[in-house]
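Naming: A, B, ... by sequence-line order, numbering from 1 per chain.
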Protein chains: 4
Amino acid sequence: MVQKPAPDSTRRSEKSRRAIYDAALALVVEAGYAKTTIEGIAARAGVGKQTIYRWWSSKADVLLEAFLDLSEQYAEAVATPEELQYGIPDTGDLAADLRYVLRATVDQLLEPKFEAPSRALAAEGVVDAQFAAQVVSRLLEPQLQLYVQRLKAAQDAGDVRHDIDPRIALELFVSPLAQRWLQRTGPLSYEYTDALVDYALYGLAPR
Amino acid sequence: MVQKPAPDSTRRSEKSRRAIYDAALALVVEAGYAKTTIEGIAARAGVGKQTIYRWWSSKADVLLEAFLDLSEQYAEAVATPEELQYGIPDTGDLAADLRYVLRATVDQLLEPKFEAPSRALAAEGVVDAQFAAQVVSRLLEPQLQLYVQRLKAAQDAGDVRHDIDPRIALELFVSPLAQRWLQRTGPLSYEYTDALVDYALYGLAPR
Amino acid sequence: MVQKPAPDSTRRSEKSRRAIYDAALALVVEAGYAKTTIEGIAARAGVGKQTIYRWWSSKADVLLEAFLDLSEQYAEAVATPEELQYGIPDTGDLAADLRYVLRATVDQLLEPKFEAPSRALAAEGVVDAQFAAQVVSRLLEPQLQLYVQRLKAAQDAGDVRHDIDPRIALELFVSPLAQRWLQRTGPLSYEYTDALVDYALYGLAPR
Amino acid sequence: MVQKPAPDSTRRSEKSRRAIYDAALALVVEAGYAKTTIEGIAARAGVGKQTIYRWWSSKADVLLEAFLDLSEQYAEAVATPEELQYGIPDTGDLAADLRYVLRATVDQLLEPKFEAPSRALAAEGVVDAQFAAQVVSRLLEPQLQLYVQRLKAAQDAGDVRHDIDPRIALELFVSPLAQRWLQRTGPLSYEYTDALVDYALYGLAPR
DNA sequence: TTATAACCGAGACGGTACGTCTAGTCTTGTC
DNA sequence: GACAAGACTAGACGTACCGTCTCGGTTATAA
């Protein structure tokens with residue numbers, strides 16, 4: 001089997017890469033993922049198709065990198081210095097901190113520039129295990145680890161049972177929100193996320 | 001706008017419909033959703049393309065109906081008479097009942113004949129709101145309502161706080177499983193689902 | 001080989017046949033032969049497709065009968081009693097008679113209701129030998145025989161050489177007109193047809 | 001109206017063009033014009049459909065160019081140097097020259113590789129005025145002009161009346177042959193074409 | 001006078017081809 | 001050698017008709 005020699009990344013055009021990211025994100029927002037095509041991205045970016053095929057293996061791959069790039073830019077632009085380590089606030093009141101973060105997540109999930117590409121990546125991952133591994137390791141898991149850290153701190157402070165696994169525990173409030181958003185099984189609201197925090201922390205069974 | 005007259009469903013070929021369902025499901029399992037085409041379904045079913053376009057509006061639409069049909073068949077074939085009302089068991093022990101059902105769900109989620117089409121429907125819904133509404137109302141919500149009923153019974157029995165909303169509460173253990181499966185954010189196992197039931201019922205905070 | 005039993009023509013619907021003729025002719029005039037379809041004819045005639053397939057073997061076949069019917073109607077409506085035997089006038093002046101008939105032919109060839117179906121039949125015949133045999137025997141040859149008769153009369157009157165074959169001779173003036181019209185190799189005009197009569201009767205070589 | 005940008009003909013694949021010509025001609029000969037499809041041509045030529053649609057506007061258009069190309073090749077292969085100017089022989093005996101050429105034409109008209117595509121082009125032209133203009137200007141008229149030249153030479157030599165129009169005169173013997181062939185109104189033979197030359201040159205009326 | 005068989009309008013069916021669109025590869029000329 | 005441009009083979013899209021078939025309904029002889 002003849003292996004195509006890897007392209008020389010030192011000679012890569014930064015301008016083209018940026019144009020491709022912008023075009024891919026814009027098309028997904030404007031036309032939807034299904035109607036976004038490699039040809040369309042190339043045309044909008046003013047780039048040859050081969051330049052896309054040289055550096056990425058699929059439409060989804062382009063979009064993943066474009067979205068990661070967007071997230072980075074966004075984080076740099078918005079975050080205050082103390083949020084730059086990009087954690088979940090720790091005011092000592094776990095419930096309040098979680099309510100705050102989930103409310104912020106709701107806001108972000110409804111912002112079209114994030115929503116459209118996020119959905120595209122998620123959909124691709126649902127159906128393509130290999131791609132899902134990329135999405136999880138580069139996008140989802142890093143975010144979930146922030147919750148793990150906050151929950152571990154809460155365990156140290158005695159606010160969370162010591163026999164629970166933080167990696168599972170976070171799913172009690174994160175996954176319901178994720179599923180409602182992804183599968184549209186219900187509306188998103190602050191009341192909803194507040195309730196999730198309450199139920200998750202104190203359980204469904206009477207005390 | 002010119003409206004095509006609706007086809008006469010009384011003259012519809014039952015044989016063709018069945019063949020289309022079978023072909024669609026088989027192709028999704030064998031080749032994957034992305035490589036499943038209307039043309040391929042028609043060819044495999046021994047049917048003209050127009051027969052598909054006459055009765056369904058898209059590949060996803062075909063698959064949804066095929067899957068609903070499959071579920072019906074499966075339910076009829078497998079269910080014992082008392083399960084035929086198709087509920088969640090109520091032995092009086094809520095935790096045990098939920099553990100049982102979630103373990104069964106894990107088994108089903110890993111069965112290829114269910115997994116492949118389920119993922120396809122989910123992925124389409126993630127990206128297409130209109131289709132998602134169909135999936136939710138015809139597939140997901142009916143299943144979720146079974147949990148609502150069981151939780152209400154548990155409230156009556158005093159096993160669940162009276163101030164919680166069952167429709168939200170069920171998400172504490174269902175959504176984590178759904179998300180791990182859909183997005184592949186973690187492995188599925190009986191230990192995992194057992195833990196979910198425990199955490200959800202008794203909360204994360206110490207008693 | 002199982003032979004389909006011939007349909008019972010005594011029970012045939014005259015109304016449908018007329019409607020089919022009208023629809024076929026109208027569509028060929030309005031939309032052109034290529035865009036005229038059996039389905040279109042059936043729809044316009046308010047007739048089931050099977051009613052067409054029952055009585056005719058092809059689109060061309062329908063059109064041939066429709067055109068023959070039209071010609072009959074036209075002949076009955078227009079012809080004076082003495083023309084009803086439908087011959088070429090014989091005033092004793094062969095050249096004048098031919099000039100008259102060819103001028104009338106030019107007029108008819110340019111009339112859309114005749115032109116469109118005539119062209120369609122001709123085109124089909126060019127490419128389909130079996131159909132051409134129908135067209136020749138039912139449409140073209142009967143008309144050409146009128147020239148044969150007139151030329152034979154002219155031979156008897158001594159106006160035409162006795163050693164010529166009238167069936168060939170008539171082509172000297174008829175075929176040029178036919179070809180100009182069919183293949184559009186030149187314009188049709190009275191001057192042109194007058195010239196044809198002159199050249200044909202008296203030859204190209206100097207006397 | 002949005003105009004598709006014209007493709008860059010300098011980058012056109014010569015190999016594909018040749019393959020398309022060959023496939024088109026072969027299919028018309030083997031299967032007939034009606035059963036020759038763009039898809040079939042593409043498949044036989046080992047070419048994408050788009051490559052045909054990029055360079056031609058219709059099946060008829062492909063065939064016209066294929067036939068012109070064939071004619072060129074044929075002319076180069078067969079013609080002796082002196083025939084390469086490709087005229088009608090001028091031995092001084094007009095009648096003999098015309099008899100010779102018309103006999104050769106009969107032979108060619110009956111050769112399947114020429115007959116099938118010629119008929120297809122003629123049939124299309126009968127029904128499509130715009131296409132007919134192409135056929136006439138690129139195929140028919142150049143051939144007819146050869147007769148015009150020969151007849152003008154004959155006029156100079158005193159063998160043809162000076163008051164006749166050669167462009168019309170040639171039709172006296174060419175059009176009958178053309179019509180018999182096209183519309184199959186009669187058999188083709190050397191006796192027939194010889195008679196046409198005789199009648200046309202010396203007229204039908206007695207001398 | 002009914003029944004019964006054909007024609008009839010309607011249109012669903014298995015197919016085939018249309019003309020368009022995009023995938024992914026390859027080629028050409030520019031920087 | 002990366003790049004913009006775009007021609008190439010391949011094949012799916014959704015539509016339009018083909019010619020066959022099945023369905024009720026409506027006549028028009030034959031029982």
Side-chain angles (χ1 to χ4, degrees), chain A residues 4-5 7-13 15-16 19 35-43 45-55 57-59, chain B residues 4-5 7-13 15-16 19 35-43 45-55 57-59, chain C residues 4-5 7-13 15-16 19 35-43 45-55 57-59, chain D residues 4-5 7-13 15-16 19 35-43 45-55 57-59:
Chain A
K4 195 62 78 57
D8 178 352
S9 60
T10 64
R11 306 193 52 179
R12 184 169 182 181
S13 162
K15 205 176 101 189
S16 292
K35 293 194 177 175
T36 297
T37 64
I38 299 260
E39 281 202 343
I41 296 170
V47 136
K49 283 202 291 178
Q50 200 55 257
T51 300
I52 296 182
Y53 284 109
R54 185 158 28 238
W55 301 109
S57 62
S58 68
K59 177 173 74 162
Chain B
K4 219 20 109 51
D8 178 350
S9 58
T10 64
R11 301 187 49 188
R12 185 167 182 181
S13 162
K15 205 176 101 188
S16 293
K35 292 194 178 174
T36 297
T37 63
I38 299 258
E39 217 153 67
I41 295 171
V47 137
K49 282 203 287 177
Q50 200 56 45
T51 299
I52 297 183
Y53 285 109
R54 190 178 296 118
W55 301 109
S57 61
S58 67
K59 176 173 74 164
Chain C
K4 198 58 82 56
D8 177 353
S9 58
T10 64
R11 307 192 50 180
R12 184 169 183 181
S13 162
K15 205 176 99 189
S16 293
K35 294 193 177 176
T36 297
T37 64
I38 299 260
E39 265 186 5
I41 295 171
V47 137
K49 283 202 291 178
Q50 200 56 258
T51 301
I52 297 183
Y53 285 110
R54 191 178 298 116
W55 301 110
S57 63
S58 68
K59 176 173 76 164
Chain D
K4 225 11 118 46
D8 178 351
S9 60
T10 64
R11 301 189 47 190
R12 184 168 184 182
S13 162
K15 205 175 101 189
S16 293
K35 293 194 177 174
T36 296
T37 65
I38 299 259
E39 217 153 67
I41 296 171
V47 137
K49 283 202 288 178
Q50 201 55 48
T51 299
I52 297 182
Y53 285 110
R54 179 151 41 232
W55 301 109
S57 61
S58 67
K59 175 172 76 164

What is the distance, rounded to the nearest whole Å, between atom CD1 of I41(D) and atom P of dA10(F)? 16 Å
Y53(B) OH - dA12(F) P separation (whole Å): 11 Å
Side chain of K49(C) only, please: which of dA12(E), dT22(E), dG19(E) is the nearest? dA12(E)
Which distance, rounded to the nearest 0.5 Å, do you find between the OG1 of T10(D) and the CZ of R12(D)? 11.5 Å
S9(C): side-chain hydrogen bond (donor to acceptor under 3.5 Å, both in side chains) partners, not counting sequence neighbours: none
Do you know which two heavy atoms are closest between S16(B) and T51(B), and how far apart they sit? CB-CG2, 4.4 Å
Taking only nitrogen or oxygen atoms into account, show me every contact under 3.5 Å that the protein makes with nucleotides 1-3 of chain F, one pair per line with its distance.
{"residue": "dG1(F)", "atom": "O4'", "partner": "R11(A)", "partner atom": "NH1", "Å": "2.9"}
{"residue": "dA2(F)", "atom": "OP1", "partner": "D8(A)", "partner atom": "N", "Å": "2.8"}
{"residue": "dC3(F)", "atom": "OP1", "partner": "S13(A)", "partner atom": "N", "Å": "2.6"}
{"residue": "dC3(F)", "atom": "OP2", "partner": "R54(A)", "partner atom": "NE", "Å": "3.2"}
{"residue": "dC3(F)", "atom": "OP2", "partner": "W55(A)", "partner atom": "NE1", "Å": "2.9"}

Interatomic distance, K59(D) NZ vs dA17(E) C1' [rounded to whole Å]: 10 Å
In whole angstroms, the gap separating C1' of dC13(F) from CD1 of I52(B) amounts to 13 Å
To the nearest angstrom, the CD-P distance between Q50(C) and dG24(F) comes to 17 Å
Does T10(C) or G40(C) map to a spot on DNA chain F nearer the 5' end, using the closest nucleotide for each? G40(C)
Please find the pair of heavy atoms, one from D8(D) and one from W55(D), that lie closest to each other, and give the distance. O-CH2, 3.7 Å
Nearest to the side chain of E39(B), which nucleotide is it out of dA12(F), dG6(F), dT20(F)? dA12(F)
Any residue meeting side-chain hydrogen bond (donor to acceptor under 3.5 Å, both in side chains) with K49(D), in chain and number order, not counting sequence neighbours: E39(D)
Nearest heavy atoms of S58(A) and I38(A), plus distance in Å: C-CD1, 4.3 Å
For I38(C) and dG11(E), what is the distance between atoms CD1 and P respectively, to the nearest whole Å? 18 Å
In whole angstrom, what separates K15(B)'s NZ from dG14(E)'s C1'? 11 Å
Give the minimum heavy-atom separation between A45(B) and A19(B), together with the two atoms involved. CB-O, 3.5 Å
Rounding to an integer number of Å, can you tell me how far K35(B) NZ sits from dG11(F) C1'? 13 Å
